[in-house]
Amino acid sequence: MKLAESVSLDPYRLREDFPIFSQKMHGKPLVYLDNTASAQKPRTVIEAMDTMYREVYANVHRGIYELSERATQMYEDARRKVAHFIHARSRREIVFVRNTTEAINLVAYTWGLANLRPGDEVLITEMEHHSNIVPWQLICQRTGATLRWVPITEDGHLNMEALDSLLGEHTRIFAFTAMSNVLGTINPVAELVRRAHAVGALALVDGAQSVPHLPTDVQAWDADFVAFSSHKMLGPTGIGVLYAKRHLLEGMPPFMGGGEMIREVTMTHATWNEVPYKFEAGTPAFVEAVGLGAAVDYLSGLGMDRVHELEQALVDYAYERLHTVEGLRIIGPGPKERGGVLSFTLDDVHPHDVAAILDQEGIAVRAGHHCAQPIHDRYDLVATTRASFYIYNTREDVDRLTAALHRVAHLFRG
Amino acid sequence: MKLAESVSLDPYRLREDFPIFSQKMHGKPLVYLDNTASAQKPRTVIEAMDTMYREVYANVHRGIYELSERATQMYEDARRKVAHFIHARSRREIVFVRNTTEAINLVAYTWGLANLRPGDEVLITEMEHHSNIVPWQLICQRTGATLRWVPITEDGHLNMEALDSLLGEHTRIFAFTAMSNVLGTINPVAELVRRAHAVGALALVDGAQSVPHLPTDVQAWDADFVAFSSHKMLGPTGIGVLYAKRHLLEGMPPFMGGGEMIREVTMTHATWNEVPYKFEAGTPAFVEAVGLGAAVDYLSGLGMDRVHELEQALVDYAYERLHTVEGLRIIGPGPKERGGVLSFTLDDVHPHDVAAILDQEGIAVRAGHHCAQPIHDRYDLVATTRASFYIYNTREDVDRLTAALHRVAHLFRG
Amino acid sequence: MYDLYAEEILDHYKFPRNKGPMDNPDRVYHDRNPFCGDEVTFMLKVRDGVVEDVKWEGRGCTISMASASMLSEEVKGQPLEALRNWGKEKVLELLGIPLSPTRLKCALLPLKVLQVAAWGTREEGEVTSND
Amino acid sequence: MYDLYAEEILDHYKFPRNKGPMDNPDRVYHDRNPFCGDEVTFMLKVRDGVVEDVKWEGRGCTISMASASMLSEEVKGQPLEALRNWGKEKVLELLGIPLSPTRLKCALLPLKVLQVAAWGTREEGEVTSND
Ligand SMILES: Cc1ncc(COP(=O)(O)O)c(C=O)c1O
Ligand SMILES: Cc1ncc(COP(=O)(O)O)c(C=O)c1O
């Protein structure tokens, strides 16, 4: 056991679990470095859904026949797996939503509309993804609450002194990302939650980037809400998770109204189902939930510590190799303090051009503002090119990326 | 061509397209009669998604590399297929959501919150699914508008005289189902829309049951909004559609905030993307959309006229056969005026018991209030048993249902 | 065949024990399972912490009605204290058949109602089987 | 190889034509593509309905900058009327390479900006390629 754990993961072996890598891209093996946007899927995830559609398909809940009972069981088992994966106390704290974005909007529309008043403050940070910015802008507009921002330091960390002066008795919620999708910065979640709680505020953690790549323990964090997406953690599209402490879920009004979320409906009123169903209106994405369950099984099998370790080694290597490209500047913290995300500029070559040329070499990276304009404004950049890693990426991938970037530099300089 | 169209569909041949029917249920061939809750999937739908995950997976929009460009193309092609299937003017009128429930909530939260005032009236009917009731109850509570109900006649039709007296200058929106999921009643949609428009109200059509089973022409209807779910029309879970006239979409404020729905985000404000993206926050269920596109292809290949014809013949037959069971009472209109949905009671045997016994014979039916309590209250029933048909159901299925119901009647009478 | 509809269960369903009204009950509780509409009311007369008499009313499926009927037989003469420990196993033992999660909810509704009648509150989540 | 980066396109990118400020332009329009941050401003001097002079400013990728530069060469001396009919095909012809939908948006931004500068409004949806 101890021994097995100390053995590192081998990306070359893991790649074989992912059908996408059996194809060529522009005549070359695919180098997929857009994992921050979405991850590829192992065979077990694809097959779990395939099998459900072929053999056990029926609408969940309330069906008194075998297919429906079995589908319901599979759906609820997936909920249990997710609860276990992030160390929730109970599967009732797991609300299935479409994605991280919906999870955060759900909190803003329910807890936010019910609790925010003029004079109240919502605190977010300059390194948030739009999904953890726009819902709060909208809800502040509607409620009269004020949105405040924690600035970041030049090297891509939260400015902790500024945080202390921003957190105060008016702060009702502090919503922040556990890992930046641009800078790669890994934030000290438990510490940030502690500071929020110290002033009586709730803490919402955007776990879209951290849950797929780092071990997660919502109880150790003591987080009130955690949002994440299946598609970034080897699971299917169309499903994501809102974790919330049970007493908070129970106190919140419902979000959408409809089937399954109700207890009783008469012509004059409706009462709500128990949590988490109160927040799952209509037929849920239950096949996708089963797919997410399979992804969680896969990741648990690897061990999240080892996933992090593998990525850490790759970032170290990439950080060093990329710096051999003249004019290349990586934004954010040093390699020891970040996850497997490297956003960079290359002289003044537009990131679109970088990405388009890399594509022709079979290398997939992302170019743009990565749904995080404020952080780009912070560094006075319009866009960056981003390479991001997951368990199936190898040093060879990094070498091919580096070589291609040398060619880009040459093309634009020559 | 003319000839081909006049040839009826053969459910025995169609069954072969559906992998689920290759298994036995409790030692017997599966008789699946819960199509109103959710439909089974043809091989082409399952494989379309499978192939996307294996070969063309990447996040859509904004990716400057081949996988992402291709995924985006497939996603937008699916939107085009759906637009074509329901005769929308443009694919921009198709917003992808999770299900019918979310589609209706989207309208209530955006159009509703922005437009409803105290004194305004929202009109729905007594035969609505909870998904077309609860969102309006919630939004009326929030805005001070009044919810009013069109009653139904004993034989399960909308009371058209009552409708005329309920529609008036205060009516802002009339939201009704095109086909009842309990009674099977097919409502005269174009006529209802016309009456709503005559008093200056908008018309929202719940197409959850009609779109999978009848030809749909949103322009002939002149409907303002139409909501439906993929999973009931042979497509995957996790995706549904809100159709809306483009100028309405453009006038509505956004629903959820986040990635993809924005144009620009700064620390002080955000502006919105064009429609339909303004309403699609975060990573969409794009693989599911592609699955829905495959389902639309499959249904278009059959021809919705012929789908309806097949079901009509089956309902005729079932209506007659079920009436041979003593004590069985079907609620709703006669067989010529309904879709393939038969809800019934059997003396005072509880529908749960009926369904559980049928299950042991390998027959899947639904028992309960089918997320439509008001219509059950209307008939003073707590629950009904519901058998509902789709293209893969045969006369043999009806015969097995009938025989099993005879045995239930005997068990409880004996 | 039809093991869900074992003779004993059908017998309790067709000839329910202790079903009917009660004058001046000491404890009453009513609840329903919103998903299937099953409803059960338990009425108790309690003296010195012991259930002296029990009646119940309700409508629902065979499983919930048989469960109510069987529980009503069990509870008569028991100290309230004894009810505290009754759980899912008790009900399954009485019914004598395995149940799927959905049907288990039917079976447990009467127990939930009986326990709230006896104790005034219940531990949340106790009667659901999916936890 | 690198057909997206044909010599002519790179040349326009590295040595843009008509790029720079303009004093007292008759028409100005600025817009940006929010997805990639590309921005373009077109400034026109117009006499008797004819474009007498043109300047543009902007930052963005090779495709959008080359497109702006090439369009600026085309527009000089043209009657405003002529611009009305310029569409996607015009831009593709100028660039001389096929473009994927995303890159097409980059290529069409300058055309959109130029047309709004010339006409004050534009038909909605014209510059997107997905319709
Ligand atoms: C008429 C009607 N409306 C709405 C719905 C809700 O559909 P969904 O659960 O897919 O949101 C249903 C599904 O049962 C329905 O039959
Ligand atoms: C930090 C962070 N938050 C939120 C999101 C939004 O995730 P989704 O698009 O799945 O809702 C992302 C995805 O890019 C992200 O990286």
Side-chain angles (χ1 to χ4, degrees), chain A residues 19-20 23 25 34 37-38 40-41 46 50 53-55 57-59 62-67 98-102 105 129-131 133-135 137-138 149 229 231 236-239 256-259 262 265 267 270 281-283 285-288 352 355-356 359 364 366-368 371 373-374, chain B residues 19-20 23 25 34 37-38 40-41 46 50 53-55 57-59 62-67 98-102 105 129-131 133-135 137-138 149 229 231 236-239 256-259 262 265 267 270 281-283 285-288 352 355-356 359 364 366-368 371 373-374:
Chain A
I20 197 114
Q23 73 186 296
M25 191 56 56
D34 194 20
S38 203
Q40 297 299 338
K41 318 306 172 198
I46 302 171
D50 203 285
Y53 279 128
R54 285 171 194 272
E55 296 174 13
Y57 185 82
N59 210 330
R62 290 185 311 268
I64 316 258
Y65 54 89
E66 170 135 346
L67 282 180
R98 181 173 31 249
N99 48 28
T100 305
T101 304
E102 188 183 11
N105 278 275
H129 186 279
H130 292 163
S131 293
I133 298 174
V134 186
Q137 288 180 328
L138 289 172
W149 301 71
S229 298
H231 69 94
T237 55
I239 188 123
M256 302 196 212
I262 56 91
V265 175
M267 286 175 59
T283 302
F286 59 87
V287 178
E288 289 82 348
H352 272 192
D359 178 42
R366 188 130 302 224
C371 292
Q373 280 185 5
Chain B
I20 197 115
Q23 74 185 295
M25 192 54 58
D34 194 20
S38 204
Q40 297 299 338
K41 318 306 171 199
I46 302 171
D50 204 284
Y53 280 126
R54 285 172 194 270
E55 296 173 15
Y57 185 81
N59 210 329
R62 291 185 310 268
I64 316 258
Y65 54 90
E66 170 135 346
L67 282 180
R98 179 171 35 246
N99 49 28
T100 305
T101 304
E102 187 183 12
N105 278 274
H129 185 278
H130 292 163
S131 293
I133 298 174
V134 185
Q137 288 180 328
L138 289 172
W149 301 70
S229 299
H231 69 94
T237 55
I239 187 120
M256 302 195 209
I262 56 92
V265 175
M267 285 174 63
T283 302
F286 59 88
V287 178
E288 288 83 347
H352 270 193
D359 178 43
R366 189 130 300 227
C371 292
Q373 279 185 7

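Values below: all heavy atoms of this structure, side chains included; hydrogens, waters and symmetry mates excluded. We name chains A, B, ... by the order of the sequence lines, and we start the count at 1 in each one. These numbers were taken from a predicted model, which means no experiment stands behind them.
- Taking OG1 of A/Thr283 as the reference point, atom CZ of B/Arg98 lies at 10.0 Å (rounded to 0.5 Å).
- Among the candidates A/Ile64, A/Ile262, A/Ile239, the residue making the largest number of heavy-atom pairs closer than 4.5 Å to chain B is A/Ile64.
- Proximity to chain B involves both the backbone and the side chain of A/His352, based on heavy atoms less than 4.5 angstrom apart.
- By number of non-hydrogen pairs under 4.5 angstrom with chain A, the leading residue of B/Val134, B/Leu67, B/Thr237 is B/Thr237.
- For the residue pair B/Ile20 and A/Tyr53, the shortest heavy atom distance occurs at CD1-O, 4.2 Å.
- Among B/Ala270, B/Pro374, B/Ala364, the residue with the largest count of heavy-atom pairs under 4.5 Å with chain A is B/Ala364.
- Here the side chain of B/Ser38 pairs no donor or acceptor atom with the backbone of A/Ala58 at under 3.5 angstrom.
- Contact annotation for B/His231: both backbone and side-chain heavy atoms come within less than 4.5 Å of a heavy atom of chain A.
- Not one N or O on the side chain of A/Glu66 forms a donor-acceptor pair closer than 3.5 Å with the backbone of B/Met25.
- Note that the CG atom of A/Asp34 and the CG atom of B/Asn59 stand 7.5 Å from one another [nearest 0.5 Å].
- Proximity to chain B (any heavy atom under 4.5 Å) is restricted, for A/Leu138, to the side chain, taken from C-beta onward.
- Not counting sequence neighbours, the partners of A/Asn105 by the side chain to side chain contact (heavy atoms under 4.5 Å, CB included) test are A/Thr101, A/Tyr109, A/Pro135, B/Met256.
- Heavy-atom pairs under 4.5 Å with chain A peak, among B/Cys371, B/Gly238, B/Gly257, at B/Gly257.
- B/Gln40 contributes atom CD, which lies 7.5 Å from atom OH of A/Tyr57 (distance to the nearest 0.5 angstrom).
- Note: B/Met267 CE to A/Ile133 CD1 = 8.5 Å, rounded to the nearest 0.5 Å.
- Applying the side chain to side chain contact (heavy atoms under 4.5 Å, CB included) test to A/Pro19 and every residue at least two apart in sequence or in another chain returns A/Arg43, A/Ile46, B/Arg54.
- Heavy atoms closer than 4.5 Å to chain B are found in the side chain of A/Gln23, but not in its backbone.
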